[in-house]
Amino acid sequence: MDYIKYIAELIKIDGIDEDYASLITVPKDLSLGDYCLPCFKFSKVLRQSPQIIAENIAKSIDVNSDKYVKSVQAVAGYVNFMIDKSGFAESAIERAVREKDNYGHANIGNGRAVCIDYSSINIAKPFHIGHLSTTVIGAALYRIYNALGYKAIGINHLGDWGTQFGKLIVAYKLWGDRDTVNKGSINELLKLYVKFHEEAKAKPELDDEARAWFLKIERGDKEALELFEWFKELTLKEVGKVYERLNIKFDSYAGESFYNDKMQPILDRLDKQGLLSVSDGAKVVNLDKYDMPPCLLVKADGATLYATRDIAAAFYRKATYDFYKCLYVVAYQQNLHFKQWFKVVELMGEKWAADLVHVAFGMVSLEDGTLSTREGRVVFLSDVLDKSVEKAKSIIEEKNPDIDDKDEIAEKVGVGAVVFSALSSGRIKDITFSYDKVLNFDGETAPYLQYTYARCRSVLRKAENTDTSCADYNAVVSDEGNELVKLIEKFPQVIVAAAEKYEPSMITHHLIDVAQSLNKYYFNNRILGEASEVTAARLKLIEATSIVLRNGLTLLGIGCPEHM
Ligand code: ARG
């Protein structure tokens, strides 16, 4: 039952042709009504005061014969609709319970492809706390779009090209050995890379060697390629462990090197279209007109750039997936980069340039972040996860020492807490990560949501054999019950809005509201041991709440322990 649509159909105003459904909202003060229509917009056309218009609408609706709407009142330019709360509760709760794991899912996408470029790590570089946001925001969007009937395509646009790989080979050949690197993996590669830079200060000839090795990679020299592939394999194996813990998968690992042979046709076309100009030997697209510095595509020495690869990748993705949208979940530091090359694609006359979206986000730093940079210490994401899980375990041991499968629960809580921290505020905000903050069981955190979910499940387990078919939904229409029911009912719309705004935090916020509302309800209302039709209705309310929490957390990539 779509109440907004229903109410919209009751509204008729002579001389106005509007989609009323899009104007109907929920009043701030729920005692005024469940829905309202503001009439200010019509005032000019009708040459009447909003209040008079509201009164005329109110008069025209006959509530005596209406099954769903209980009263209609005009107040201060709004028409307030009070609906039959028990009917509303029944329809909202039963829908959630019926649709269960699919509640909140929809087929809006009709199978259209949405490419999501996220995580996009760099080979032979550590997977650190700075990658947290792109990884978990991207993965959440991936699940959200799939849930809405799109075909999400997760792409890890690997940073696997550039002169640094020449440096790495030189360092490896001078100071490395296979066993140590195999054992130490990225850490060891990083050490070699750092050593190269230290040594190259005194011996600049190392840089020439590095360039020579990079050229060998480019020309497909066997030894160079073998080493390069090995570095890549080590890196992917290492980050793969983290992806597994986060329950993340990619459909493609086509990285920068994949586009080596796909840039020339683009450059030729740019040239033909008269878009390329030469500046100090480099090839650029001038963007003066758009108040941007030129987009550099080929350096004077013939080397292509990050932007060149991104443009080639976009054409490849359009041809391969025919995307409806192509999202780039990348830090806001790269705003200019994306604005520039999106513009280049637009100037090439590609309409789909408008479907390229930079989903930018702010920085994550650790509370003791400054300290660790000064020490030259990189904070690995896997270490952050480990530490969080360890802390979660000690909290669980303290709160609930007799619980089974402590390790499994600690993993879900600890990892969930870290994931949540990157999804809890609007994307663009910079965040400071603190273990105490993210693991606070009473705060706006993942553990709080998980705990609330486990609480619901525990009540439901206790009442496992209760017959709920006799539910009388008048038992859940108190202000607290009504508030919770409304949040349950709104959940599917929140998912749609989160997809439209590329903002998983909208789901996070909603879940916090649901959990707070549930806990308030639970504190003030007895569930078990009431008259059977009362207990039945309240159990269904708890079940619907648990479904919303579980589906929401699942979309965000946060595990839901059945008990805690
Ligand atoms: N590897 C890049 C970095 O760490 C991010 C790549 C983002 N994706 C893209 N298509 N440019 O900065």
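Counting starts at 1 for both ligands and their atoms, following the listed order. Atom set for the values below is all heavy atoms of this structure, side chains included, hydrogens, waters and symmetry mates excluded.
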Original post:
Going by heavy atoms, is Lys125 under 4.0 Å from ligand 1?
Top reply: no
**OP:** With heavy atoms under 4.0 Å as the rule, classify the contact between Asn122 and ligand 1 as side chain, backbone, both or neither.
**Re:** side chain
**OP:** Would you check whether Arg317 has a nitrogen or oxygen atom less than 3.5 angstrom from a nitrogen or oxygen atom of ligand 1?
**Re:** no
**OP:** Could you tell me whether His337 and ligand 1 have an N or O pair separated by under 3.5 Å?
**Re:** no
**OP:** Verify the distance criterion only: is there a donor paired with an acceptor across the side chains of Tyr259 and Asp310 at less than 3.5 Å?
**Re:** no
Original post:
Any side-chain donor-acceptor pair under 3.5 Å between Ser185 and Glu238?
Top reply: yes
Original post:
Roughly how far, to the nearest 0.5 Å, is CD of Glu233 from CD1 of Ile123?
Top reply: 10.5 Å
**OP:** Run the ring-centre check on Phe258 versus Tyr253 and record whether the distance is less than 6.0 Å.
**Re:** no
Original post:
How close does the nearest protein non-hydrogen atom get to atom 8 (N) of ligand 1, and which residue and atom is it?
Top reply: Asp117 OD1, 3.2 Å
Subject >> For atom 12 (O) of ligand 1, the protein heavy atom that lies nearest, with its residue and separation >> reply: Gln334 NE2, 2.9 Å
Original post:
For ligand 1, which atoms have a heavy atom of Phe338 less than 4.0 angstrom away?
Top reply: 11 (N)
Original post:
Taking Tyr328 as the fixed residue, which of Phe323, Trp341, Tyr118 is the one that meets the ring pair (Phe, Tyr, Trp, His ring centres under 6.0 Å) rule?
Top reply: Trp341
Under 3.5 Å, side-chain donor or acceptor atoms of residues 105-117 against the rest of the protein: list the pairs with distances, not counting sequence neighbours.
{"unit_1": "Asn107", "atom_1": "OD1", "unit_2": "Asn110", "atom_2": "N", "d": "3.0"}
{"unit_1": "Arg112", "atom_1": "NE", "unit_2": "Gly109", "atom_2": "O", "d": "3.0"}
{"unit_1": "Arg112", "atom_1": "NH2", "unit_2": "Ile108", "atom_2": "O", "d": "3.2"}
{"unit_1": "Asp117", "atom_1": "OD1", "unit_2": "Ser120", "atom_2": "OG", "d": "2.6"}
{"unit_1": "Asp117", "atom_1": "OD2", "unit_2": "Arg317", "atom_2": "NH1", "d": "3.1"}
{"unit_1": "Asp117", "atom_1": "OD2", "unit_2": "Arg317", "atom_2": "NH2", "d": "3.0"}

Original post:
Quick one: which of Trp161, Tyr328, Tyr306, Trp341 has a heavy atom closest to atom 11 (N) of ligand 1?
Top reply: Tyr306
